[in-house]
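Residue indices begin at 1 and follow the sequence shown.
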Amino acid sequence: AVVDLAELADRGLVAGLLLVLLLCWRLVVQRARQRELEAVNRRLEHEQLRLMETNAELSAEQQRRRSAESSREHLLAAIDQTDAMVLILDEQKRIVFANPTLRARCATDLRGVPTGCPMSDLPLLVPLISESIWEELLAAGTWRGTRAVRCPERPADPIWHADLALKSFRSTDYRRFTIAIVRDISHEIELEAKLQHAQQRETIGTLTTGIAHDFGNLLTPILALSKEAHASCASPELAKTLGEITSAAERGRQLVRSLMTFSRGTDRSSRKTHVAQVIEEALSLLRSAMPPGVTIEHDEEVIGKALAHH
């Protein structure tokens, strides 16, 4: 009985040890699984953060694309509505883009210019962007200046002045293009010419005023002395000569008044003039200045017909 009890105790001890080992193993397995789950959770959290960052980047990229597309639409709207002519050419001088202003100026109707056609198909652009200008553009990358052109197919059209700006650039695929901006400055040229004409008239008016003033100062004593001499003259021939001097001085004074009126730009008053008397006075002055042996004759009927035609 004692042996049996000892054997049973040993067996119980072994069973207890096995049970303890089993429990420890289960704890180890559970801890390993827990660590694996924690690692999986950490990986899931990291992947979630990465997905959130990717989503944020995609949202930012979409926003940039929407902003770029909006800017592109605004730019195209501005180019379409501008009064300037905008043209884009490739390296072979083929048309890549032409805004409506250029289409309306070059084409016979508003259906536009076909994209991809050579520039030579548009007669207006040939004299505008000549071969020499194109060569300078290829060498320097830019060209700016004014051009006076007329469409070869419409020679009856007036010459129009253009402010031309050319600039070469490369696209994202490194292809070379040229943008041309053409602005019609014919009205500005016309206004500038009118301004120059007005300035010239102002200069001439100032000069004329000075000359007329000096000329009037010279005529005043001549007129006064001739009248005084004519009043006290007893010789008929001398009186006639003094009268001619007085009449010439009077015409000179009238000329001075006309010059002053012209220089001031005021309206001139009209008055009746006896043309025959003026012609007779002029002939008298000419006869006195002619050398001996030279005579001047006039026919009043012929002069009357000539004046009637005018």
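The neighbour count for Asn217 CG, taken as heavy atoms of other residues, nucleotides or ligands under 6.0 Å away, is above 12. For Arg33, the CZ atom sits in a loose shell: 12 or fewer heavy atoms of surrounding residues, nucleotides or ligands are nearer than 6.0 Å.
Counting heavy atoms from C-beta outward, Thr241 and Glu237 have side chains that stay 4.5 Å or more apart. At a threshold of 4.5 Å between non-hydrogen side-chain atoms, the residues Ile185 and Glu192 do not count as touching. In this structure, Arg144 and Asp163 have side chains that are in contact, with non-hydrogen atoms separated by less than 4.5 Å. Within the 4.5 Å cutoff, the side chain of Gln30 has heavy atoms near those of the Leu27 side chain. Two residues are said to be in side-chain contact when any heavy atoms from C-beta on lie closer than 4.5 Å; Arg147 and Ile133 meet this criterion. Considering only heavy atoms from C-beta on, Val182 stays 4.5 Å or farther from Leu102 through its side chain. Side-chain contact between Leu125 and Leu128 is present, with heavy atoms from C-beta onward closer than 4.5 Å.
Note that CG of Asn55 is 10.0 Å distant from CD of Glu57, once rounded to the nearest 0.5 Å. Distance check, rounded to the nearest 0.5 Å: CZ of Arg175 to CZ of Arg170 gives 11.5 Å. Atom NE2 of residue His46 and atom CG of residue Leu51 lie 10.0 Å apart, to the nearest 0.5 angstrom. In this structure, CG on Asp214 lies 11.0 Å from OG1 on Thr209, to the nearest 0.5 angstrom. One finds the CD1 atom of Ile204 at 8.5 Å from the CZ atom of Arg201 (value rounded to the nearest 0.5 Å). The CZ atom of Arg31 sits 15.0 Å away from the SG atom of Cys24 when rounded to the nearest 0.5 Å.
Side-chain contact annotation: Gln62 with Arg65, donor-acceptor N/O pair under 3.5 Å absent.
Between Glu69 and Arg72, at least one side-chain N (NZ, or NE/NH1/NH2) sits under 4.0 Å from a carboxylate O, which counts as a salt bridge. Residues Glu47 and Arg43 are not paired through a salt bridge, judged by the lack of any N-O separation under 4.0 Å between the basic side chain and the carboxylate. A salt bridge is defined here as a Lys NZ or Arg NE, NH1 or NH2 lying under 4.0 Å from an Asp or Glu carboxylate O, and Glu61 with Arg64 meets this definition. Salt-bridge formation is detected for the pair Glu250/Arg253: a Lys NZ or Arg NE/NH1/NH2 atom is positioned less than 4.0 Å from an Asp or Glu carboxylate oxygen.
Not one N or O on the side chain of Ser67 forms a donor-acceptor pair closer than 3.5 Å with the backbone of Gln63. Looking at Ser70, its side chain never comes within 3.5 Å of a backbone N or O of Arg66 through a donor-acceptor pair. Between the side chain of Thr142 and the backbone N or O of Lys167, no donor-acceptor pair lies under 3.5 Å.
Under the 4.5 Å side-chain heavy-atom criterion for grouping Ile, Leu, Val, Met, Phe, Trp and Tyr, Val86 is connected to Phe169 within one hydrophobic cluster. Trp160 and Leu191 sit in two unconnected hydrophobic clusters of ILVMFWY residues. Membership requires side-chain heavy atoms under 4.5 Å apart, directly or through other members. Linking Ile, Leu, Val, Met, Phe, Trp and Tyr residues whenever their side-chain heavy atoms come within less than 4.5 Å leaves Leu23 and Val29 in two separate clusters. Ile95 and Val149 fall within a single hydrophobic cluster, where Ile, Leu, Val, Met, Phe, Trp and Tyr side chains are chained together by heavy-atom contacts under 4.5 Å. Linking Ile, Leu, Val, Met, Phe, Trp and Tyr whenever their side-chain heavy atoms come within less than 4.5 Å leaves Leu218 and Leu207 in two separate clusters.
Heavy atoms only, all atoms of each residue included: Arg176 and Gly141 are closest at NH2-CA, 4.3 Å. Ala84 approaches Ile181 most closely through the heavy-atom pair CB-CG2, 4.2 Å. Closest approach of Glu91 to Trp134, counting heavy atoms only: O-CZ2, 4.1 Å. In this structure, Asp90 and Arg94 approach most closely via the heavy-atom pair OD1-N, 2.6 Å.
Between Leu166 and the choices Leu137, Ile179, Leu87, Leu89, the side chain to side chain contact (heavy atoms under 4.5 Å, CB included) rule is met once, by Leu137.
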